[in-house]
Amino acid sequence: MKTWTSGIVIACLMLGPGLARGAASTVEGVAEISQAIRILEGREVQAVLARDGATLEELWDRNFVVHNPEGRIVPAGATVLARPVFQGARASFVRNVESIVVQGDVAISMGSETVVPIVEGRPGPEIKRRYTNVWMRKGDSWKLVARHANNVCDKE
């Protein structure tokens, strides 16, 4: 009996540090992925502001689907430029990433956005939104595959 328990103790002592290192590398991997997603989120915001279709084609999956703030589900179209995001210009667009959850090859980014559209050639009213973006690893890169955004109503 004593040999059996001492064998378990020895096994735990030998495997424990390796298992702890494995858990740490997973945590480090999640941190690296989270940082990469934050960078991609920033690139997407800049591309939307600049109306840069080439960058958005690089970031968005060809089947990218959006549940937009107007309550419409917008499936992927023939081209990036046909998407509703290109229908109106913005004076400013700020995204605040509050949380990124990584599950294998999927990363979910959640937070808030503030958009100032251009209305009749001038900055319009500020619009506050909540958003959820779903990124998926496709080969060696991350692609935005789904998005939900809704406008935040003022409290009355």
TODO: Would you check if the side chain of Arg95 reaches a backbone N or O of Gly111 as a donor-acceptor pair within less than 3.5 Å?
DONE: no
Open item on the list: Do Tyr131 and Val97 make a side-chain contact, defined as non-hydrogen atoms from C-beta onward lying under 4.5 Å apart?
Closed with: yes
Task: Within one Ile-Leu-Val-Met-Phe-Trp-Tyr cluster: Val145 and Val48, side-chain cutoff 4.5 Å - done: no
TODO: Could you tell me whether the side chain of Glu70 reaches within less than 4.5 Å of the side chain of Pro84, counting heavy atoms only?
DONE: no
- [ ] Can you see which heavy atom on Ala76 is nearest to which on Arg62, and at what distance?
- [x] CB-O, 3.0 Å
Task: Distance (rounded to the nearest 0.5 Å) between Trp60 CH2 and Lys143 NZ - done: 12.0 Å
Open item on the list: Rounded to the nearest 0.5 Å, what separates atom CG in Asn96 from atom CZ in Arg129?
Closed with: 14.5 Å
Task: Between OG1 on residue Thr132 and NE2 on residue His67, distance to nearest 0.5 Å - done: 11.5 Å
Open item on the list: For Pro125 versus Pro117, what's the shortest heavy-atom pair and its separation?
Closed with: O-CD, 3.2 Å
TODO: Check Val119 against Gly124 and note the closest heavy-atom contact, atom names and distance.
DONE: CG2-CA, 4.0 Å
Open item on the list: Same cluster or not: Leu56 versus Phe93, using hydrophobic residues (I, L, V, M, F, W, Y) connected whenever any side-chain heavy atoms lie under 4.5 Å apart?
Closed with: yes
Open item on the list: Would you compute the distance between atom NZ of Lys138 and atom CG of Asp61 and round it to the nearest 0.5 angstrom?
Closed with: 4.0 Å
- [ ] Check the pair Ser34, Val102 against side chain to side chain contact (heavy atoms under 4.5 Å, CB included), reporting the backbone distance first and the verdict last.
- [x] CA-CA 7 Å; Ser34 294; Val102 178; 3.9 Å; yes
Open item on the list: I need the Asn133 CG to His148 NE2 distance, nearest 0.5 Å.
Closed with: 11.0 Å
Task: hydrophobic_cluster_shared for Val134 and Met136, side chain cutoff 4.5 Å - done: yes
TODO: Compare all side-chain heavy atoms of Glu58 with those of Leu40 and state whether any distance is below 4.5 angstrom.
DONE: no
Task: Salt-bridge contact Glu113-Arg147 (side-chain N to carboxylate O under 4.0 Å) - done: yes
TODO: Verify the cluster assignment for Val66 and Val45: are they in a single hydrophobic cluster under the rule of side-chain heavy atoms below 4.5 Å apart?
DONE: yes
Task: Shortest non-hydrogen contact between Arg51 and Gly88, atoms and distance - done: NH1-C, 3.9 Å
TODO: Tell me, with the steps shown, if Ile33 and Arg137 meet side chain to side chain contact (heavy atoms under 4.5 Å, CB included).
DONE: CA-CA 10 Å; Ile33 292 169; Arg137 189 184 338 248; 3.6 Å; yes
- [ ] Flag the pair Ser112 / Lys128 as yes when at least one side-chain heavy-atom distance between them is below 4.5 Å, and no otherwise.
- [x] no
TODO: Determine whether Gln46 and Asp52 make a side-chain contact, defined as any pair of heavy atoms from C-beta on separated by less than 4.5 Å.
DONE: no
Open item on the list: Which residue is it: Glu44, Arg38, Glu41? I am looking for the one with a side chain to side chain donor-acceptor pair (under 3.5 Å) to Ser109.
Closed with: Glu41
Task: For Val101 against Ser99, the heavy-atom pair lying closest together - done: CG2-OG, 4.0 Å
TODO: Go through the side-chain N and O atoms of Arg130 and Asn150 and say whether any donor and acceptor fall under 3.5 Å apart.
DONE: no
TODO: State whether the number of non-hydrogen atoms from other residues, nucleotides or ligands found under 6.0 Å of Gln103 atom CD is greater than 12.
DONE: no
Open item on the list: What verdict does the side chain to side chain contact (heavy atoms under 4.5 Å, CB included) test give for Arg83 and Val74, after you've listed the backbone C-alpha separation in whole Å, the side-chain angles of each residue and the deciding distance to 0.1 Å?
Closed with: CA-CA 8 Å; Arg83 299 197 66 96; Val74 182; 3.9 Å; yes
TODO: Answer with yes or no whether the hydrophobic clustering places Trp142 together with Val30; edges join I, L, V, M, F, W, Y residues whose side-chain heavy atoms lie under 4.5 Å apart.
DONE: yes
Open item on the list: Could you measure the distance from the CH2 atom of Trp135 to the CD1 atom of Ile37? Nearest 0.5 Å is fine.
Closed with: 6.0 Å
- [ ] Check the pair Leu144, Leu59 against side chain to side chain contact (heavy atoms under 4.5 Å, CB included), reporting the backbone distance first and the verdict last.
- [x] CA-CA 6 Å; Leu144 189 57; Leu59 297 173; 5.6 Å; no
